[in-house]
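Values below: all heavy atoms of this structure, side chains included; hydrogens, waters and symmetry mates excluded. In what follows, residues are counted from 1 in the order of the sequence shown.
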Amino acid sequence: MTEQTTPVDDMRPVEDTTQVEQEASAERDEPRAAEPQAPVPQPEQPTVVAEAGTEAGAEAAVPPSPVAPPVAGEPEVPLVKVKKDRRVLRAVLRWTAATLVFAAVGSSVAYGITRMERTDVPGLATKADGRWDYPAIVKPPLPSGSPGPFAESNKAGVHSADLRKLLLPSPKGAKADPALRGEDGWLAKKSFVAQYAEKTDRDTVDQVLTDHALRHIAARGWTTPDGTHTQIYLLQFDTAAVVDLLYQDEFTNWGSPGFALRGAASMQSDEVFAGVAQLDDIARYTYTETKPYGAEQVRQAYLAAGDTLGLVVQSRKGSARAIPFQQTVVLQSQLLG
């Protein structure tokens, strides 16, 4: 038997030669398969250089080629340049221009509304509620180094500013009441006492003011075109403690004032005014004349503000309106605060 040798590069284990010959004969007898077509050449992929700091062994991603290479044997299809539809472009431009116009118009309208008075804007107009047109309310300056009436260091609650400058100014169109100007701006005590109806009340008020060392009375009055007559009195004492005593024990009660004014014999607490916001540090009692009243209705309010006792009185033929009264009392309270 002839010895068979195995090539060096064949790393398979040695097999039986008879079996090998049979397999080789079978392969020769089998029909040959068609040869595969040559592979389509692929374009070279660009070399990607890893950035500094890339870990060893990490592979950089290579973006795929946007155009596939032609397949061998297939006809190339020429690229056709797509023509943009000018109608679409024109429509886009028209809508963009319209949007800009609407935005500009909307901004102009919004700006115009903010510059208008509320009563000039349709749908937002507020009907006049009877408020008066007062000038700008400005508190007078304090003497140098003097604290405000409600400063923590001002234990006596003293108003250091000139009391006459703490009076509320008259509204636009009002006619001043010369009887309340007094002498050099100060009203005599007897003029204040004279407004109370009963003689016994006038005597009592006169004595009370003397006993508690009244310092000054500043007053102002006016009549508005609608016929409302307003009187404001500011009575100044030495300390806030004196005013608190007079306010609680002499001039006010829960249901009615301590002393009746002329032309207002029957007064009761003003429940409508109770809902109006009250300023800090300012005590307030408000009253309104009840029906049946005479030719005029009277409203009045007492204020306790530090060393100052205030009285606001309004009267009007028929009925005294609530809104101007509330407005006047609140503004006077602000000046005393």
Side-chain angles (χ1 to χ4, degrees), residues 132-135 137-140 159 161-199 201-203 205-206 208-210 214-237 243 246-247 250-252 257-264 267 282 284-289 294-305 307-317 320-321 324-336:
W132 291 341
D133 186 8
Y134 279 99
I137 307 302
V138 181
K139 291 183 179 181
H159 283 85
D162 190 329
L163 193 66
R164 293 166 293 185
K165 295 182 179 179
L166 291 176
L167 285 166
L168 182 67
S170 59
K172 182 179 179 180
K175 183 179 179 181
D177 184 355
L180 295 181
R181 291 177 181 173
E183 184 178 349
D184 197 21
W186 299 115
L187 188 69
K189 183 176 65 172
K190 64 180 181 180
S191 297
F192 173 77
V193 171
Q195 67 179 321
Y196 291 100
E198 301 293 331
K199 183 180 185 306
D201 286 348
R202 295 195 295 270
D203 293 341
V205 171
D206 184 273
V208 165
L209 297 179
T210 300
L214 172 68
R215 296 177 57 194
H216 304 291
I217 300 177
R220 175 169 290 150
W222 62 80
T223 302
T224 52
D226 67 348
T228 302
H229 184 212
T230 302
Q231 305 167 70
I232 301 177
Y233 304 90
L234 300 181
L235 290 73
Q236 190 171 36
F237 297 86
V243 172
L246 293 173
Y247 173 78
E250 301 290 347
F251 289 95
T252 66
F259 307 102
L261 297 173
R262 292 182 183 273
M267 302 288 290
I282 309 292
R284 179 183 74 203
Y285 264 117
T286 57
Y287 306 97
T288 183
E289 186 178 6
E296 294 184 333
Q297 184 189 23
V298 178
R299 296 179 184 270
Q300 67 181 96
Y302 280 101
L303 306 173
D307 66 345
T308 302
L309 178 69
L311 173 61
V312 179
V313 182
Q314 281 189 358
S315 58
R316 181 175 178 269
K317 184 178 181 179
R321 295 174 178 172
F325 176 66
Q326 295 172 5
Q327 182 189 19
T328 303
V329 172
V330 170
L331 291 177
Q332 181 59 71
S333 299
Q334 291 177 349
L335 274 171
L336 292 173

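Residues passing the side-chain contact (heavy atoms from CB on, under 4.5 Å) test with A219 are L180, L187, Y233, sequence neighbours excluded. The side-chain contact (heavy atoms from CB on, under 4.5 Å) search around T252 returns Y247, Y285, Y287, Y302, not counting sequence neighbours. Shown here are the ring pair (Phe, Tyr, Trp, His ring centres under 6.0 Å) partners of F325, two or more places apart in sequence or in another chain: F273. Taking K199 as the reference, R202, D203 meet the side-chain contact (heavy atoms from CB on, under 4.5 Å) condition, with sequence neighbours excluded. With sequence neighbours excluded, the residues that form a ring pair (Phe, Tyr, Trp, His ring centres under 6.0 Å) with H216 are W186.
Of the inter-residue distances, the one linking L336 atom CG with L167 atom CG reads 8.5 Å to the nearest 0.5 angstrom. Rounding to the nearest 0.5 Å gives a distance of 5.0 Å between CZ of F237 and CG of L246. In this structure, OG1 in T228 is found 13.0 Å from NZ in K317, a value given to the nearest 0.5 Å. Interatomic distance, CD of Q300 versus CD of Q314, reported as 12.0 Å (0.5 Å rounding). How far CG of D206 is from OH of Y196: 11.5 Å, rounded to the nearest 0.5 Å. L168 contributes atom CG, which lies 8.0 Å from atom CZ of R220 (distance to the nearest 0.5 angstrom).
Between P140 and A161 the shortest heavy-atom distance is CG-CB, 3.8 Å. What you find for A260 and D201 is that their closest heavy atoms are N-OD2, 3.8 Å. Of all heavy-atom pairs between P257 and M267, the closest is CD-CB, 3.7 Å. Across every non-hydrogen atom of A174 and S170, the tightest pair is CB-CB, 4.2 Å. The nearest pair of heavy atoms linking R316 to D226 is NE-O, 3.2 Å. For the residue pair P169 and W222, the shortest heavy atom distance occurs at O-CH2, 4.0 Å.
A donor-acceptor contact closer than 3.5 angstrom links the side chains of T288 and Q297.
In this structure the side chain of V298 reaches within 4.5 angstrom of the side chain of V313, judged on heavy atoms. By the 4.5 Å heavy-atom criterion applied to side chains, L331 and Q334 are counted as neighbours. Looking at T286 and R299, their side chains never come closer than 4.5 Å, going by heavy atoms from C-beta outward. In this structure, the side chains of Q332 and L335 come closer than 4.5 Å at one or more pairs of heavy atoms.
Sequence neighbours left out, the pairs with a member in residues 172-185 that pass side chain to side chain donor-acceptor pair (under 3.5 Å) are D177-H229.
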Problem - Chi angles and distances behind the side chain to side chain contact (heavy atoms under 4.5 Å, CB included) call for L234, H159 - result: CA-CA 11 Å; L234 300 181; H159 283 85; over 6 Å; no
Exercise for the section: Evaluate the criterion side chain to side chain contact (heavy atoms under 4.5 Å, CB included) for residue pair V208 and L214; output intermediate values, then yes/no. Expected result: CA-CA 9 Å; V208 165; L214 172 68; over 6 Å; no
Problem - Verdict with reasoning, L235 to F251, per side chain to side chain contact (heavy atoms under 4.5 Å, CB included) - result: CA-CA 12 Å; L235 290 73; F251 289 95; 5.5 Å; no
Practice task
Quick one: do F259 and E198 satisfy side chain to side chain contact (heavy atoms under 4.5 Å, CB included)? Show the steps, please.
Solution key: CA-CA 8 Å; F259 307 102; E198 301 293 331; over 6 Å; no
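Although no hydrogens or angles enter the test, the distance criterion places no donor-acceptor pair under 3.5 Å between the side chain of R284 and the main chain of A301.
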